[in-house]
Protein chains: 2
Amino acid sequence: MPEHARNKEQAILDAAEREFLTKGFDGARTTSIAQAAGVTHAMLHYYFRTKEKIFERILDEKMRLMGESVLTAFGSPGLPLSERLRQGIENHFDFVAANPDLPRFLVNEVFARPERYEAMRQRIRWIMNPLLADLQRELDEAAARGEADPADALMLLLDVISLNVFPFLAYPVLEPLLGDLAGDRTRFFAQRKAENLEVIRKRLLKTPQR
Amino acid sequence: MPEHARNKEQAILDAAEREFLTKGFDGARTTSIAQAAGVTHAMLHYYFRTKEKIFERILDEKMRLMGESVLTAFGSPGLPLSERLRQGIENHFDFVAANPDLPRFLVNEVFARPERYEAMRQRIRWIMNPLLADLQRELDEAAARGEADPADALMLLLDVISLNVFPFLAYPVLEPLLGDLAGDRTRFFAQRKAENLEVIRKRLLKTPQR
DNA sequence: ATTATCTATAGATCTATAGATAATGC
DNA sequence: ATTATCTATAGATCTATAGATAATGC
């Protein structure tokens, strides 16, 4: 395929990504995508046949990206557990900060598309189960050595992801409450990152009290 | 207004709620709403003029409901702090469990409607700021008495809401990972509730280590 | 008299394609 | 010869309304 065509194809995908990420499948317009990509509307159908097919390309890539972000964040080599978690939380947080409307997009479109669900289930398992098993082993060993309270790897990872992702989803609702942080998105999220690290650190602390 | 008309009006609102909550504004169809409500399509416009106006009714009510859920959950009278938080987390969690697609709806539609944002900001502040001030005072007092680590009320509340809400948003993505809990939604969410209580309890524990 | 309801359709979008023309690679 | 591109438009939806008719309240 000649280079200028590749460029147009890519321009369409780039424009489609922005359109779908901000407006969702139902709100997105192929005419807007064409305009943003600087091609005539007919070109979209020439390269991709249908709106649905363009969308699938975007959704698949974004799902892969989100899964990999967790994997690469927490999949570090033989670091001590506490350090591995610290790096994992930071890396995952930074990834979400760099892609702030990715979670909203995925949550929505995956919910709206039960028909694509089965293929997705397999991929999620395939990506995440090895990580969970490895993390569980480390957690068990740390607990056995008396360095940490026992914990379930899935529950712990879900704590991290909840804490990291939710503030980005809810930011418009939170912003009015920020007081002296209002408008200062960067500082607010820096504070959130520190808080999340602290919450998880304490979650694993061995504490005699109850 | 005669009773049968009230009934139709309410039937339309009920149908619209289901349609908008599951499909969002862009995906919702006024024809589907009319059909689900058991009225002709023209009746929607007779009672509400436009799709947008029906939607506003639903969005306003749901935003109010979500705000009040936080307020009533955590606004308990003079209980000890730890007990107040425990009840707050449980009540808020139960509310979300009873309205599992409310968060997704609000996150989306609020994001998509910056034009309604200013009115919303005021209401959010008005509802939440007194609660935050009261909670902060209690946290400061507990810290001064040496019963708890110092904490920022907004950060703590955001921890709670993140932990409570996110698993409902992400459930379809999580379900393939549940292992022996797969398919058993109830047991999974019971475990999440317990985990969230534990995370927040430990967050406030006074710990000498660092 | 006013309010509620229905049928039929206007009018606005939006996706998709037909069919002609231009550019490219062999 | 094949691939890329454009203009023009078909065809499908979807929201909204016009205008007639039925029901209701005074």
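Proteins come first, then strands; the chains are lettered A, B, ... in the order of their sequence lines, and each starts at number 1. Just so you know, these numbers come straight off a predicted model, no measurement behind them. What's counted below: heavy atoms across the whole structure, side chains too, no hydrogens, waters or symmetry copies.
Look at C/dT24: its Watson-Crick or wobble partner, with both distances under 3.5 angstrom, is D/dA1. D/dG19 is paired with C/dC6 under the Watson-Crick or G-U wobble criterion, all donor-acceptor distances under 3.5 Å.
One interatomic measurement links the two molecules: NE2 of A/His41 to C1' of D/dA4, which rounds to 17 Å at whole-angstrom precision. Taking atom CG of residue B/Leu44 and atom C1' of nucleotide D/dT17, one finds them 13 Å apart after rounding to whole Å. One can place NZ of A/Lys23 at 11 Å from P of C/dT15, the figure rounded to the nearest angstrom. The interatomic distance linking A/Lys8 (NZ) with C/dA22 (P) rounds to 15 Å, in whole Å. Atom CG of B/Asn7 is separated from atom C1' of C/dT5 by 15 Å (rounded to the nearest Å). Nucleotide D/dT17 holds its C1' atom 18 Å from the CD atom of B/Glu52, rounded to whole Å. Atom-to-atom, CZ of A/Phe48 to P of C/dT17 comes out at 15 Å; the value is rounded to the nearest Å.
Here the straight-line distance linking atom CD1 of A/Ile54 with atom CD of A/Glu17 works out to 13.0 Å at 0.5 Å rounding.
Of the listed nucleotides (C/dA16, D/dC6, C/dT5), C/dT5 has the atom at the smallest distance from the side chain of B/Tyr47. Considering only the side chain of A/Arg29, C/dC14 comes nearest among D/dT5, C/dA16, C/dC14. Each of D/dT15, C/dC6, C/dC14 was ranked by its minimum atom distance to the side chain of B/Ala42; first place goes to C/dC6. Here D/dA16 is the nucleotide among D/dA16, C/dT15, D/dT5 with the atom lying nearest to any side-chain atom of B/Thr50.
For C/dA16, one of the phosphate oxygens OP1 or OP2 lies less than 4.0 angstrom from a side-chain nitrogen or oxygen of A/His45. Checking the phosphate oxygens (OP1, OP2) of C/dC14, no side-chain nitrogen or oxygen of A/Thr30 falls inside 4.0 Å. Remark: B/Lys51 is not in phosphate contact with D/dC14, judged by side-chain N or O atoms under 4.0 Å from OP1 or OP2. Phosphate contact (OP1/OP2 of D/dT5, side-chain N/O of A/Tyr46, threshold under 4.0 Å): absent. For B/Thr40 and C/dT5, the shortest distance from a side-chain N or O to OP1 or OP2 is not below 4.0 Å.
Ion pair A/Lys193/A/Asp94 flagged as a salt bridge, since at least one NZ, NE, NH1 or NH2 atom sits closer than 4.0 Å to an Asp/Glu carboxylate oxygen. Taking a cutoff of 4.0 Å between a charged side-chain nitrogen and a carboxylate oxygen, A/Glu198 and A/Arg201 qualify as a salt bridge. Using a cutoff of 4.0 Å between basic side-chain nitrogens and carboxylate oxygens, A/Glu175 and B/Arg121 are scored as salt-bridged.
For the residue pair A/Arg104 and A/Asn108, no side-chain donor N or O sits within less than 3.5 Å of a side-chain acceptor on the partner.
If you check every strand for non-hydrogen atoms under 4.0 Å, B/Ala34 touches nothing.
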